[in-house]
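In what follows, a single structure is set out as structure tokens and then discussed.
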Amino acid sequence: MKNISPYDMIAIGGSAGSLPVLAALLEQLPASVNATMMIIVHRLKNVVSDLDRLLSFKTPIIEPDDKETILPHRIYLAPQNYHLLVENEDAFALDYAEALHYSRPSIDVSFASVAAVYGPRALGILLSGASKDGAEGLQSIIAAGGTGIVQDPESALFDTMPRAALELCPEVLPMSLDAMVHFLQEFKISATHDQ
């Protein structure tokens with residue numbers, strides 16, 4: 001019996017201090033997660049980055065090109081110095097607009113596009129960071145009927161990002177790394193019972 005996730009898109013954003021948690025989350029990600037994932041991480045724009053290779057534990061991580069088709073059950077990483085948007089359920093768009101919160105890619109921009117396209121089938125996860133980027137985008141996901149999770153500020157190396165989301169949107173669920181992994185494993189179980 002095939003397990004079906006209640007989410008078609010899982011968007012994960014992070015900045016300073018998020019990489020250890022992101023790496024651990026991806027490494028522990030259950031193979032049964034039947035959603036597409038996109039990762040938006042603040043990176044230096046003028047430095048060669050192997051982040052896609054470094055985060056490829058169980059499956060290769062793809063940096064999409066503009067207008068690239070969104071394929072199911074893949075993990076995508078926002079390219080350096082571009083906003084990554086979901087244009088529709090079929091394609092990504094790369095945008096070189098001004099930086100938001102001093103960041104390009106901006107988590108807010110990506111999360112807002114995910115909310116607009118996927119609505120209640122979107123899950124947003126915001127990790128450690130030293131800016132407020134991602135808080136408004138997570139609020140957009142929740143307002144569209146999706147689910148928002150933040151790394152528990154007590155466990156974040158830089159708690160500004162998760163705290164900003166919690167202050168802006170009290171419906172956001174704060175979770176430790178273990179709780180996030182358990183949450184992702186749970187929809188495998190609930191989907192099995194629902195079929």
Side-chain angles (χ1 to χ4, degrees), residues 7 9-29 37-47 49-52 54-57 61 63-64 75-86 92 94-115 122-144 146-181 183-184:
Y7 306 108
M9 179 62 78
I10 300 172
I12 303 174
S15 190
S18 67
L19 288 182
V21 175
L22 178 59
L25 185 62
L26 291 173
E27 190 171 21
Q28 296 178 52
L29 191 68
M37 297 180 75
M38 62 187 276
I39 299 168
I40 309 95
V41 178
H42 297 164
R43 300 188 271 169
L44 296 174
K45 60 185 175 184
N46 298 323
V47 177
S49 173
D50 287 329
L51 189 59
D52 55 336
L54 294 172
L55 292 175
S56 294
F57 292 101
I61 293 182
E63 285 193 7
I75 302 175
Y76 295 94
L77 175 66
Q80 289 173 276
N81 209 26
Y82 287 97
H83 298 302
L84 179 62
L85 297 95
V86 177
F92 286 112
L94 299 182
D95 185 42
Y96 196 69
E98 289 296 316
L100 183 63
H101 301 289
Y102 306 100
S103 299
R104 189 175 50 226
S106 164
I107 300 165
D108 276 335
V109 170
S110 295
F111 279 11
S113 75
V114 166
L123 170 61
I125 300 174
L126 190 60
L127 303 176
S128 175
S131 75
K132 294 184 178 184
D133 190 23
E136 289 179 8
L138 205 54
Q139 182 182 40
S140 297
I141 288 173
I142 291 171
T147 303
I149 294 173
V150 294
Q151 181 180 355
D152 183 345
E154 298 301 318
S155 70
L157 288 175
F158 295 88
D159 66 0
T160 304
M161 206 174 268
R163 285 195 192 282
L166 285 166
E167 288 171 12
L168 188 62
C169 193
E171 297 91 344
V172 170
L173 306 170
M175 293 186 188
S176 66
L177 171 63
D178 289 341
M180 285 184 247
V181 171
F183 182 87
L184 293 173

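Since this is a predicted model, take the numbers as computed values, not measurements. Values reported hereafter were calculated over all heavy atoms of this structure, with side chains retained and with hydrogens, waters and symmetry mates removed.
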Let me confirm one number: the [atom1]-[atom2] distance from [X] to [Y], rounded to the nearest 0.5 Å.
X	Y	atom1	atom2	result
Met180	Leu123	CE	CG	10.5 Å
Ile12	Leu25	CD1	CG	5.0 Å
Asp133	Leu126	CG	CG	8.0 Å
Ile40	Ile107	CD1	CD1	6.5 Å
Leu26	Met37	CG	CE	5.5 Å
Glu63	Ile39	CD	CD1	10.5 Å

Nearest heavy-atom pair of [X] and [Y]: which atoms, and what distance?
X	Y	result
Ser113	Leu84	OG-O, 4.3 Å
Val150	Ala165	CG1-CB, 3.6 Å
Pro79	Pro105	O-CD, 3.8 Å
Ser15	Ser18	O-OG, 2.7 Å
Val86	Met9	CG2-CE, 4.4 Å
Tyr76	Ile61	C-CG2, 4.3 Å

- Message: Is it the case that the side chain of Asp108 and the backbone of Gly134 share a donor-acceptor pair, with hydrogens and angles ignored and the cut-off at 3.5 Å?
- Response: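 At least one qualifying donor-acceptor pair exists.
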- Are the side chain of His42 and the backbone of Gly13 linked by a donor-acceptor contact shorter than 3.5 Å?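 Such a contact is absent between His42 side chain and Gly13 backbone.
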Who pairs with [X] by side-chain contact (heavy atoms from CB on, under 4.5 Å), at least two apart in sequence or on another chain?
X	answer
Ala164	Lys132, Ala135
Ile142	Cys169, Glu171, Val172
Leu157	Ser128
Ala143	none

- Item | For Phe158, ring-ring contact (aromatic ring centres under 6.0 Å, His included) partners two or more places apart |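 For Phe158, no residue satisfies ring-ring contact (aromatic ring centres under 6.0 Å, His included) once neighbours in sequence are set aside.
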- According to the side-chain hydrogen bond (donor to acceptor under 3.5 Å, both in side chains) rule, which pairs have a member within residues 157-170, sequence neighbours left out?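 Passing the test, one end in residues 157-170: Glu154-Arg163, Asp159-Arg163.
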- Identify, with sequence neighbours excluded, every residue that meets side-chain hydrogen bond (donor to acceptor under 3.5 Å, both in side chains) alongside Thr147.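 Partners of Thr147 by the side-chain hydrogen bond (donor to acceptor under 3.5 Å, both in side chains) criterion, ordered by chain and then number, come out as Tyr7.
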- Message: Could you work out, with salt bridge (Lys or Arg N to Asp or Glu O under 4.0 Å) as the rule, every residue matching Asp95, not counting sequence neighbours?
- Response: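 Not a single residue meets the salt bridge (Lys or Arg N to Asp or Glu O under 4.0 Å) criterion with Asp95.
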- Any Met161 side-chain heavy atom under 4.5 Å of Ser131 side chain: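 Yes. Closest side-chain heavy atoms under 4.5 Å.
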- Determine, stepwise, if the pair Glu136 / Leu168 fulfils side chain to side chain contact (heavy atoms under 4.5 Å, CB included). CA-CA 7 Å; Glu136 289 179 8; Leu168 188 62; 3.7 Å; yes
